[in-house]
Amino acid sequence: MAKKSKFELAVIEQVKRVRESKGFSQADVASFLECDKSFIGQIESPNSNSKYNLNHVNRLAFEMNCSPRDLIPETGFWEELSKKKKSPKNP
């Protein structure tokens, strides 16, 4: 199972902080994203691969009346990029 990157975890934590500070529940976020509440629970769980994408961040910023910048960390993180195996080229 691939795990979430430090940046992905930071985005998730930032969204959760903003969500809670504005009084929104996981069910509210699920409604904003037109998905099941269990998906938001999976996103907020460090044991799941589920995460927000940029379209989610955009919609959440709109629905929670904030900037997308409020939902991402102020600084980046150094992380090793995943190395995918290259498939051999067909001759």
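Of the options Glu20, Glu13, Arg19, a side chain to side chain contact (heavy atoms under 4.5 Å, CB included) to Arg17 is made by Glu13 and by none of the others.
Checked by atom type, the side-chain pair Asp28/Ser25 shows a donor-acceptor distance below 3.5 Å.
Between His56 and Val15 the shortest side-chain heavy-atom distance does not fall below 4.5 Å. At least one side-chain heavy atom of Val29 sits under 4.5 Å from a side-chain heavy atom of Tyr52.
Within a 6.0 Å sphere centred on NZ of Lys22, other residues, nucleotides and ligands contribute more than 12 heavy atoms. Around the CG atom of Asn53, the shell of radius 6.0 Å holds more than 12 heavy atoms that belong to other residues, nucleotides or ligands.
Residue Phe62 belongs to no hydrophobic cluster, having no ILVMFWY side-chain heavy atom closer than 4.5 Å to its own.
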Could you give me the CA-CA distance, side-chain angles and deciding distance for Ser50 and Phe39, then say whether side-chain contact (heavy atoms from CB on, under 4.5 Å) is met?
-> CA-CA 7 Å; Ser50 299; Phe39 179 62; 3.8 Å; yes
Should Leu33 and Ile40 be marked as a side-chain contact (heavy atoms from CB on, under 4.5 Å) after you check the CA-CA gap, both sets of side-chain angles, and the distance that decides it?
-> CA-CA 9 Å; Leu33 297 180; Ile40 305 307; 4.0 Å; yes
side-chain contact (heavy atoms from CB on, under 4.5 Å) assessment of Leu60 paired with Phe24 | CA-CA 11 Å; Leu60 291 174; Phe24 293 114; over 6 Å; no
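Closest of all the heavy-atom pairs between Met64 and Leu71 is CE-CD2, 3.9 Å. The two residues Pro73 and Ala10 make their nearest non-hydrogen contact at CG-CB, 3.5 Å.
Listed by chain and residue number, nothing satisfies the salt bridge (Lys or Arg N to Asp or Glu O under 4.0 Å) test with Glu79 (two or more places apart in sequence, or in another chain). Considering only residues two or more places apart in sequence or on other chains, Asn58 meets the side chain to side chain contact (heavy atoms under 4.5 Å, CB included) condition with none of them.
Summarising the geometry, atom CD1 belonging to Ile43 is positioned 10.0 Å from atom OG belonging to Ser38; distances are rounded to the nearest 0.5 Å. Distance check, rounded to the nearest 0.5 Å: NZ of Lys4 to NZ of Lys51 gives 8.0 Å. Note that OG of Ser67 and CD1 of Ile72 are 8.0 Å apart. Values are rounded to the nearest 0.5 Å. The CD atom of Glu74 sits 11.0 Å away from the CZ atom of Arg69 when rounded to the nearest 0.5 Å.
For the pair Lys3 (side chain) and Pro46 (backbone), a donor-acceptor distance under 3.5 Å is absent. In this structure a side-chain-to-backbone donor-acceptor pair under 3.5 Å is missing from Glu44 to Ile12. Within the 3.5 Å criterion, the main-chain N or O of Val18 finds a donor-acceptor partner in the side chain of Ser21.
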